[in-house]
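Structure first, commentary second.
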Amino acid sequence: MSLLVIGVPHIARQELRPEESGQLLCVPGGQPPLWKLMDSVGSAGLRQGEEALSYPEEGLPGPSDSSELVQECLQQFKVTRAQLQQIQASLLGSMEQALRGQASPAPAVRMLPTYVGSTPHGTEQGDFMVLELGATGASLRVLWVTLTGIEGHRVEPRSQEFVIPQEVMLGAGQQLFDFAAHCLSEFLDAQPVSKQGLQLGFSFSFPCHQTGLDRSTLISWTKGFRCSGVEGQDVVQLLRDAIQRHGAYNIDVVAVVNDTVGTMMGCELGARPCEVGLVVDTGTNACYMEEARHVAVLDEDRGRVCVSVEWGSFSDVGALGPVLTTFDHTLDHESLNPGAQRFEKMIGGLYLGELVRLVLAHLAQRGVLFGGGTSPALLSRGSILLEHVAEMEDPSAGAARVRAILQDLGLSPGALDVELVQHVCAAVCTRAAQLCAAALAAVLSHLQHGREQQTLQVAVATGGRVCERHPRFCGILQGTVMLLAPECDVSFIPSVDGGGRGVAMVTAVAARLAAHRRLLEETLAPFRLNHDQLAAVQAQMRKAMVKGLRGEASSLRMLPTFVRATPDGSERGDFLALDLGGTNFRVLLVRVTTGVQITSQIYSIPESVAQGSGQQLFDHIVDCIVDFQQKQGLSGQSLPLGFTFSFPCRQLGLDQGILLNWTKGFNASDCEGQDVVNLLREAIARRQAVELNVVAIVNDTVGTMMSCGYEDPRCEIGLIVGTGTNACYMEELRNVAGVPGDSGRMCINMEWGAFGDDGSLAMLSTCFDASVDKASINPGKQRFEKMISGMYLGEIVRHILLHLTSLGVLFRGQQTQRLQTRDIFKTKFLSEIESDSLALRQVRAILEDLGLPLTSDDALIVLEVCQAVSQRAAQLCGAGVAAVVEKIRENRGLEELAVSVGVDGTLYKLHPHFSSLVAATVRELAPHCVVTFLQSEDGSGKGAALVTAVACRLAQLTRV
Ligand code: BG6
Ligand code: GLC
Ligand code: GLC
């Protein structure tokens, strides 16, 4: 194994203990030079090694007590290759742990996802302001960046730098943001720009939890900042508030990014994608493009997302402990944030000067430097800055410059002092570059493993003053990265405009997304109903109920059902039941004893039959019954039959129902105006040798109420939210015109799906409702149902998606044939898309199955559209239920009503939030009613059988 020494000549090779540490990386100045040794281990791209070679070669003074002291001191800054590898491995482990979302033990780095999902296209354009805070020490920079949208064509940005006073950096947060707002104005005052419509990207270089492109909560200050009242706050909001307080310009803060992200995004498009941004400025950090599926906190399994590593806070004691010197401990102890950002404090520009100062002061105090003399400046914190270190270390600067800097510090250096000081600067900076390389190598190895490529070809954008201005830093960094991550072929690309262009790129994308959001909000606004609108629906419903009951013109027909009581548990016998009109057509055998036993079979009703001739439809129904009887061994028996028929019927008795009109997808000819029981009986007669005894016809709402009423006597309302929607309830007979008798109650089938067919819902109807209605088989009819039920919600969503596509908000504005296909977007998709756990994955999978490939932004938009449509549906349904329960309460003259509602229907049952939204709306609109919702488990066939059972019992009684 060859040794790698970039080091002090007095450190002999045999002292390097290769068996323990592998190759050694030491401080510059020694033999053989970096580039030769790297050559010998086969690394590529070593020109930067020549810089190491040109570093002071004289070496340290000859052996003496003082040189031993110096060596001892510098020795502490040496890092072995094994130590670097350990840091690399430990950081890699922490990164992966944090990505997995494993909180215990707390990962040593944060891995904060940003809202940047792709590297720039290069097509972004427009004028943007950029405000940079926190990257470069105590200064704040404002830029005006013009993006041309044309690759390679660049307009130089205009910029201005402002020094932030120390008292502001350590003062109240409001003061800092007011200062920023003031700087923005001052900058703009000198620019020939309008005061309106300015879009700003905010580069805020501190660890933040981002929750949107323009929402970011500061976790903790780092570097030299410690303003009160900012940690835990959204820094974009603080900036917006300050801009508004200042009042001079109307600036829209569109995006917030970390400096590493700006650096990566602003990288010139080259042959290979730039997917890593590295910053070594006042602090240090990197970001990179991660596979979204690797980031546990994101609910996303496709695409990539930019993650900020925040490696400055890397703090693994096992890995860092061996490289921490006494000077690091002193520096940390005296810093604003002791114990935090330990890794950054060995690398960041804010700390390098201070480390050098601590070493020089130590050596001076021990009599090794400056003839044992110190100066007040040498003993004061912050007197040596990064610029000084960079200059003193720069071989081209020469001894005179070093001497001048030292003299400015009030010191009187001799020739040897100058050399020693250069060695100290080199030792501190070399270690910084090597540690930074270990961290970058961890990121690169992680990328390489994740991509499963043998050799990862990647470009790293580099930015920050240390990278830009420090003569040797980048060279050492690059050489060390090659050694530590030999499987990665890395090109390093210096950032453009200090990352400002990248911030403008993100801002451009954010501005486009914000414009899309406004269009989305405008589109969905009519679906978001407020309390007053819902209360108005409730009041109108109430009025229409009263009119309908009186037999006056009303969109609510309020049909008497001749069901006078809910079951009392004394019903007995075997019954057949039919259930027609929901998603499934069912034939059932219902055995009522002390409980109820049900055997049932689902039969299909092809669309051609549902929309063919009436005779065909009823013949098909009888065929299904015969088939069922045969399978159940019931042939030849004439069991009483209850018929759930879920369409509006005017009943003249329990076994007579005139179909008023078809609804939902049915349209069989020659049925409207006919008695449905008769139509069934005629079909039975056509099919000879079958005997059936049709006893009752019930609406599905009634069947559901009866079925649930068997379990809970307080169930006096039936509600269906499935293919269609409707409700029934127990009304006082005295209020029902057209049915003789004044005492007792009767169940009323409201047929509320038709509510609003007289135009009373026009205020709430959107252009999308109008399109759905127009394309349906019954235009102008069932307007309330068309806003609520499963047959229509998917279509409403589809029409909205078409509109958003035409606005360019969705699918990049590209219309597809598929989305123009009627009924392609099923209502069950709404339920699937809105189920919390799967959300975005589900949206993508569903839409891709439909042949609609979409981006993550599209997926979110589709989700929001579904939510708006189903929320309106649930709230309208809730307003209807509120009208019903209030009517019952007032009928009975009660202060408080406790009542149960039996509910059925796939939308209600499958949708993740529908039921709770209905309940919440009822609570809000009918505060004096305690309403319990019972989901029907057995369908309405059971209820139809129970109605039949009661009828049979009564018939027997009259015969007796
Ligand atoms: C079923 C009932 O469970 O729900 C039917 O048995 C009813 O009578 C149906 O029509 C309503 O829901 P959907 O979603 O099937 O229309
Ligand atoms: C600090 C900040 C980080 C930033 C880095 C470089 O580490 O916490 O967000 O990227 O400095 O400026
Ligand atoms: C339709 C029918 C109605 C039924 C409802 C639920 O609105 O007209 O009778 O109750 O759908 O299925």
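Remember, it's 1-based here, ligands and their atoms both numbered in the order they're listed.
The shortest contact between atom 11 (O) of ligand 2 and any protein heavy atom is with K223 NZ, 2.9 Å. Of all protein heavy atoms, the one lying nearest to atom 1 (C) of ligand 1 is D904 OD2, 3.4 Å. Protein heavy atom closest to atom 14 (O) of ligand 1, with residue, atom name and distance, is T906 OG1, 2.4 Å. The protein heavy atom nearest to atom 1 (C) of ligand 3 is E785 OE2, 3.1 Å. Protein heavy atom closest to atom 10 (O) of ligand 1, with residue, atom name and distance, is D700 OD2, 2.7 Å. The closest protein non-hydrogen atom to atom 9 (O) of ligand 3 is E751 OE2, 2.5 Å. For atom 2 (C) of ligand 2, the nearest protein heavy atom (residue, atom name, distance) is S205 O, 3.3 Å. When hydrogens are left out, the protein atom nearest atom 11 (C) of ligand 1 is I720 CG2, 3.7 Å; that is the closest non-hydrogen contact. Atom 8 (O) of ligand 2 has its closest protein heavy atom at E310 OE1, 2.8 Å. Summary of contacts: the protein heavy atom closest to atom 16 (O) of ligand 1 is T723 OG1, 2.5 Å. Of the protein's heavy atoms, G582 CA, 4.2 Å lies nearest to atom 9 (C) of ligand 1. Atom 13 (P) of ligand 1 has as its closest protein heavy atom T583 OG1, 3.2 Å. With respect to atom 6 (O) of ligand 1, the closest heavy atom belonging to the protein is D579 OD2, 2.4 Å. D700 OD1, 3.4 Å is the protein heavy atom nearest to atom 4 (C) of ligand 3.
Salt-bridge check for D773 with K786: passed, with a basic side-chain N closer than 4.0 Å to an acidic carboxylate O. Using a 4.0 Å cut-off between a side-chain N of Lys or Arg and a carboxylate O of Asp or Glu, D332 and R342 qualify as a salt bridge. Under 4.0 Å is where a charged nitrogen must lie from a carboxylate oxygen, and between R465 and D281 at least one such pair does.
S900 and E716 share no side-chain donor-acceptor pair at under 3.5 Å. Of the N and O atoms on the side chains of H913 and E834, not one donor lies less than 3.5 Å from an acceptor on the other residue.
Contact atoms of ligand 2 toward Q341: 7 (O) (distance under 4.0 Å to a heavy atom of the residue). The distance from ligand 2 to the heavy atoms of G283 drops below 4.0 Å at these ligand atoms: 6 (C), 11 (O). Residue contact check: V279 has heavy atoms under 4.0 Å from atoms 6 (C), 12 (O) of ligand 2. Within ligand 2, counting atoms from 1 as listed, the ones closer than 4.0 Å to a heavy atom of P207 are 8 (O), 9 (O).
When heavy-atom distances to ligand 2 are checked against a 4.0 Å cut-off, N258 comes that close only through its side chain, counted from C-beta outward. Only backbone heavy atoms of T725 (N, CA, C or O) come within less than 4.0 Å of ligand 3; its side chain stays farther off.
When D259, T284, T260 are ranked by how near their heavy atoms come to atom 10 (O) of ligand 2, first place goes to D259. Among G905, S940, S936, the residue whose heavy atom sits closest to atom 12 (O) of ligand 1 is G905.
The backbone N or O of L385 sits nowhere less than 3.5 Å from a side-chain atom of E354 that would complete a donor-acceptor pair. Between the side chain of D675 and the backbone N or O of I658, no donor-acceptor pair lies under 3.5 Å. Under the 3.5 Å distance criterion, the side-chain polar atoms of E132 are left unmatched by any main-chain donor or acceptor of F202. Side-chain atoms of E344 come within 3.5 Å of backbone atoms of T284 as a donor-acceptor pair (strictly under, hydrogens ignored). Listed for the D579 side chain is no donor-acceptor partner under 3.5 Å among the backbone atoms of F643. A donor-acceptor contact shorter than 3.5 Å is absent between the side chain of D700 and the backbone of S940. Without hydrogens or angle criteria, N726 side chain to E751 main chain gives a donor-acceptor distance under 3.5 Å.
Note: an N/O pair closer than 3.5 Å links T663 and ligand 3 by distance alone.
Using 4.0 Å as the threshold, G312 has no heavy atom nearer than that to any atom of ligand 2. Residue contact check for ligand 1: K909 places no non-hydrogen atom closer than 4.0 Å to it. For the ligand labelled ligand 3, residue G724 lies inside the 4.0 Å heavy-atom shell. Heavy atoms of G790 stay at 4.0 angstrom or farther from ligand 1. The shortest heavy-atom distance from G722 to ligand 3 is not under 4.0 Å.
Each of C649, P648, C671 was compared with N661 under the side-chain contact (heavy atoms from CB on, under 4.5 Å) criterion, and only P648 meets it.
Residue S203 comes nearest to V503 through the heavy atom pair CB-CG2, 3.9 Å, listed as atom of the first residue, atom of the second, then distance.
Aromatic ring pairs are classed by plane angle as parallel below 30°, tilted from 30° to 60° and perpendicular above 60°; the pair F204 and F206 is tilted.
No side-chain heavy atom of Q597 sits under 4.5 Å from any side-chain heavy atom of V592.
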